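Structure first, commentary second.
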Number of protein chains: 2
Amino acid sequence: MAPQRTNMREVADLAGVAMSSVSRVLSGHPDVSPAMRQRVMAAVESLGYQPDMLAQSLRRKETRSVGFVVSDISNPLQSQIALGAETALRAKGYSMLLTNSENDPALDSAHIRLFQQRRVDGLLLSLAAEDDPQTFSLLSSAATPIVLIDRELRGEAGRRASSVLSDHRTGMRDAVGHLLDLGHRRVGLILGQPMRFSRERLEGLKDAYAARGLQPLYTVVEGQLEPRHGRAATQALLDAAEPATAIVAGGNQLLNGALAEIQQRGLRVGADLSLVSCDEISLTQLYQPPIAVVRRDTRALGRHAAELLLSQLEAQEEDDQGRKRTTREPEVVLLPTEFVARPSCAPPADAA
Amino acid sequence: MAPQRTNMREVADLAGVAMSSVSRVLSGHPDVSPAMRQRVMAAVESLGYQPDMLAQSLRRKETRSVGFVVSDISNPLQSQIALGAETALRAKGYSMLLTNSENDPALDSAHIRLFQQRRVDGLLLSLAAEDDPQTFSLLSSAATPIVLIDRELRGEAGRRASSVLSDHRTGMRDAVGHLLDLGHRRVGLILGQPMRFSRERLEGLKDAYAARGLQPLYTVVEGQLEPRHGRAATQALLDAAEPATAIVAGGNQLLNGALAEIQQRGLRVGADLSLVSCDEISLTQLYQPPIAVVRRDTRALGRHAAELLLSQLEAQEEDDQGRKRTTREPEVVLLPTEFVARPSCAPPADAA
DNA sequence: GGTGATTCTACAATCGTTTCCAGAAACCTT
DNA sequence: AAGGTTTCTGGAAACGATTGTAGAATCACC
């Protein structure tokens with residue numbers, strides 16, 4: 001039989017004290033006599049009482065929960081971020097509400113609104129777009145701290161939010177530099193949506209060419225972070241009048257598509273064509289030949305995001321109106337990326 | 001400036017009506033005049049009022065949220081389940097609280113308790129163990145519907161919970177059957193923890209041998225669902241006096257370890273050694289040669305779990321005590337698995 | 001033993017909703 | 001025009017906790 005949820009009233013009655021005393025005992029208030037503590041705890045034990053966090057939240061004006069908006073949790077990249085974030089949040093007693101925005105900016109804003117109605121204490125956002133007006137206005141007037149994950153927003157919204165960013169530029173610069181040093185000149189870069197990570201990667205590629213004083217013979221293809229785009233882009237790069245001799249895929253979904261196309265054409269990775277991907281997955285490590293990647297610690301990304309949020313939350317104070325205000329300015333954390341050279345990169349075939 | 005959260009009182013005052021009327025308008029109560037509706041909606045609009053779900057939950061005795069306990073969200077298998085579940089829940093207006101139990105049964109039960117304090121309406125559980133006493137007693141007296149994901153519990157706990165199961169046995173039977181038909185006799189099966197999915201896989205393997213009237217020359221290695229175990233088990237299988245000629249890895253983590261070992265030994269998959277894995281990931285599809293798998297629709301697994309839970313929630317009614325009771329008996333859904341033969345399976349080398 | 005300080009406890013208001021109940025207004029019906 | 005429905009609205013009591021305030025009890029001290 002499902003036990004009737006016992007509430008504080010019953011505990012108080014059983015112990016023969018007032019509810020306020022029970023509350024004080026449980027919340028560790030200093031002014032409580034040992035005798036009182038004993039009686040209350042005994043009653044709590046015998047009833048198996050567990051406080052109702054809903055009621056606590058309502059009264060305390062904090063839910064100890066944060067909302068996490070992610071475009072697609074089934075993407076290994078994002079799920080690792082989520083893992084890092086959840087672990088850090090849980091360690092501090094926060095729970096995580098998670099929702100998928102399916103790469104739809106409209107869902108981003110809808111979910112943010114929903115989370116606000118649920119009165120989450122803060123938001124962790126890996127947005128589907130960096131320029132959605134709805135999301136923008138929602139964020140610029142948000143009452144809770146916000147941390148953006150690998151996203152950059154302009155204007156008021158960007159100014160109010162903290163963010164954790166990856167230094168894609170450096171990693172990409174080294175990756176393309178490696179390819180150029182191997183003799184490649186026509187590098188094909190497959191990117192996702194026009195967001196910070198795409199811009200930075202392009203800049204990194206340009207840096208590499210510029211640093212060597214080389215003509216910019218690269219080609220960039222933008223699209224969605226999906227296998228289909230990876231495949232189509234690979235086709236385009238290989239069918240061009242001057243085909244790319246090396247391809248850099250800006251993410252594991254793109255890599256999947258690229259590899260599918262490469263295999264269908266019977267091309268040998270690391271011989272006929274060089275290949276680099278972004279973000280490590282089991283495929284890049286175990287593929288034969290192993291695939292070079294621009295690596296980053298995604299779990300740390302999530303962890304840092306959570307910690308940034310937590311530090312904002314801990315710095316909150318109630319103002320005279322009784323509403324919370326953070327005393328802390330938004331922060332930006334930049335995490336490193338690292339290029340890992342692997343046999344998928346070799347001198348171009350025509351140079352042999 | 002963060003806008004003061006407006007509450008229902010302010011809406012009522014602005015509209016010049018009672019709070020109860022505002023509530024009725026917003027919750028679509030039938031007995032409300034068009035004029036009233038207009039006035040209230042105007043006030044709601046002008047204040048940008050959004051109801052506080054916390055207060056609603058407290059009063060309505062339902063949070064429209066469910067808790068999802070998963071051992072490791074960064075595992076592609078689990079994140080796909082989570083995606084399927086979240087999408088289905090969201091479609092019905094439910095939010096998902098997600099937590100990682102890190103394969104620790106103690107965390108399982110701690111999180112269940114936490115979710116209960118948060119008063120989730122239901123639980124979706126992919127437990128770390130099928131026999132933890134704490135979890136057991138928590139579940140047998142739970143007040144909310146529960147759906148187990150690919151887990152089987154005995155006793156009262158199992159009787160009260162619904163579950164979504166995969167038919168691992170059939171898929172494994174076909175996989176091993178395929179290997180046997182290719183001429184393999186010494187099949188090595190690498191399993192995870194002793195839970196239903198492991199037991200079923202073993203049964204499936206036995207079925208295959210039995211159906212062909214063959215001597216059971218297989219070897220089974222149980223352990224954790226981790227790459228390390230996959231690797232160690234592979235070592236053991238290959239170093240045995242009579243080495244396995246085919247290896248079946250019971251999950252993608254195990255496959256990672258197995259492949260690492262295989263590569264280090266310079267063995268050719270699909271030639272020196274046949275290989276089968278469980279659950280499709282990009283690696284199994286794109287590896288050269290492609291790796292045969294026992295496949296299942298993990299996203300559907302999550303979706304079915306959510307739908308099972310939702311159907312229980314919708315069937316709830318309040319009894320005379322004012323507490324909810326489900327009128328519906330727990331259900332069990334069995335989802336198919338399918339063996340996909342691929343070039344990673346070939347006749348054993350010594351048979352050539 | 002009276003005064004004040006100190007420790008503890010209880011009452012009651014509050015958080016933001018929903019919903020029961022009673023009553024007002026309107027509309028039929030005869 | 002009285003009586004009976006039906007429709008609508010407002011007041012107030014929940015939901016289950018926390019917390020400010022005030023008062024009771026204890027104690028020390030002179």
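Just so we're on the same page: letters track the sequence lines, and every chain starts at 1. Keep in mind that what you see is a predicted model, and the values were worked out from it rather than measured.
Side-chain contact between A:M36 and A:V17 is present, with at least one heavy-atom pair separated by less than 4.5 Å. Looking at A:S65 and A:R118, their side chains never come closer than 4.5 Å, going by heavy atoms from C-beta outward. A heavy-atom distance below 4.5 Å is found between the side chains of B:T87 and B:R90. Taking the side chain as every heavy atom from C-beta outward, B:Q78 and B:S71 approach each other to under 4.5 Å. Residues B:F68 and A:L98 are not in side-chain contact: their nearest non-hydrogen atoms beyond the backbone lie 4.5 Å or more apart.
With sequence neighbours left out, B:L14 forms a side-chain contact (heavy atoms from CB on, under 4.5 Å) with B:A43, B:S46, B:L47. Partners of B:D150 according to the salt bridge (Lys or Arg N to Asp or Glu O under 4.0 Å) rule, which considers only residues two or more places apart in sequence or in another chain, are B:R196, B:R296. Every residue two or more places apart in sequence or in another chain that forms a salt bridge (Lys or Arg N to Asp or Glu O under 4.0 Å) with A:R159 is listed here: A:E156. Remark: B:R9 pairs with B:D13 by the salt bridge (Lys or Arg N to Asp or Glu O under 4.0 Å) rule, at least two apart or across chains.
Two end axes, each from the C1' atoms of five base pairs, can be drawn for the helix from C:dG1-D:dC30 to C:dT30-D:dA1; they diverge by 50°, to 10 degrees.
A donor-acceptor pair shorter than 3.5 Å cannot be found between the side chains of A:T144 and A:D121. Side-chain contact check for A:S109 and A:Q134: no donor-acceptor pair (N or O, by modelled atom type) lies under 3.5 Å.
Within a heavy-atom distance below 4.0 Å of DNA chain C, the residues of residues 12-24 of chain B found are B:M19, B:S20, B:S23, B:R24. Remark: B:M36, B:L58 in residues 36-58 of chain B come within less than 4.0 Å of DNA chain D through at least one heavy atom.
Residue pairs that meet the side-chain hydrogen bond (donor to acceptor under 3.5 Å, both in side chains) test with at least one member in residues 299-311 of chain A, sequence neighbours left out, do not exist here.
Using a 4.0 Å heavy-atom distance criterion, A:N7 is classed as a sugar-phosphate-only contact.
Taking the 5' to 3' direction, DNA chain C first and last meets chain B under 4.0 angstrom from a heavy atom at C:dG16 to C:dC20. Taking 4.0 Å as the cutoff to heavy atoms of chain A, we find the contact window on DNA chain D bounded by D:dG16 to D:dG20.
Test A:L97, A:I81, A:V147 against A:L124 for side chain to side chain contact (heavy atoms under 4.5 Å, CB included) and you get one pass: A:V147.
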Donor-acceptor contacts, no H, no angles, side chain residues 20-29 of chain A, under 3.5 Å, sequence neighbours left out:
| residue | atom | partner | partner atom | Å |
| --- | --- | --- | --- | --- |
| A:S27 | OG | A:S23 | O | 2.8 |

Residues 48-58 of chain B side chain polar contacts: donor-acceptor under 3.5 Å, at least two apart:
| residue | atom | partner | partner atom | Å |
| --- | --- | --- | --- | --- |
| B:D52 | OD1 | B:L54 | N | 2.7 |
| B:D52 | OD1 | B:A55 | N | 3.3 |
| B:D52 | OD2 | A:R119 | NE | 3.0 |
| B:D52 | OD2 | A:R119 | NH1 | 2.8 |
| B:S57 | OG | B:M53 | O | 2.7 |
| B:S57 | OG | B:E62 | O | 3.4 |

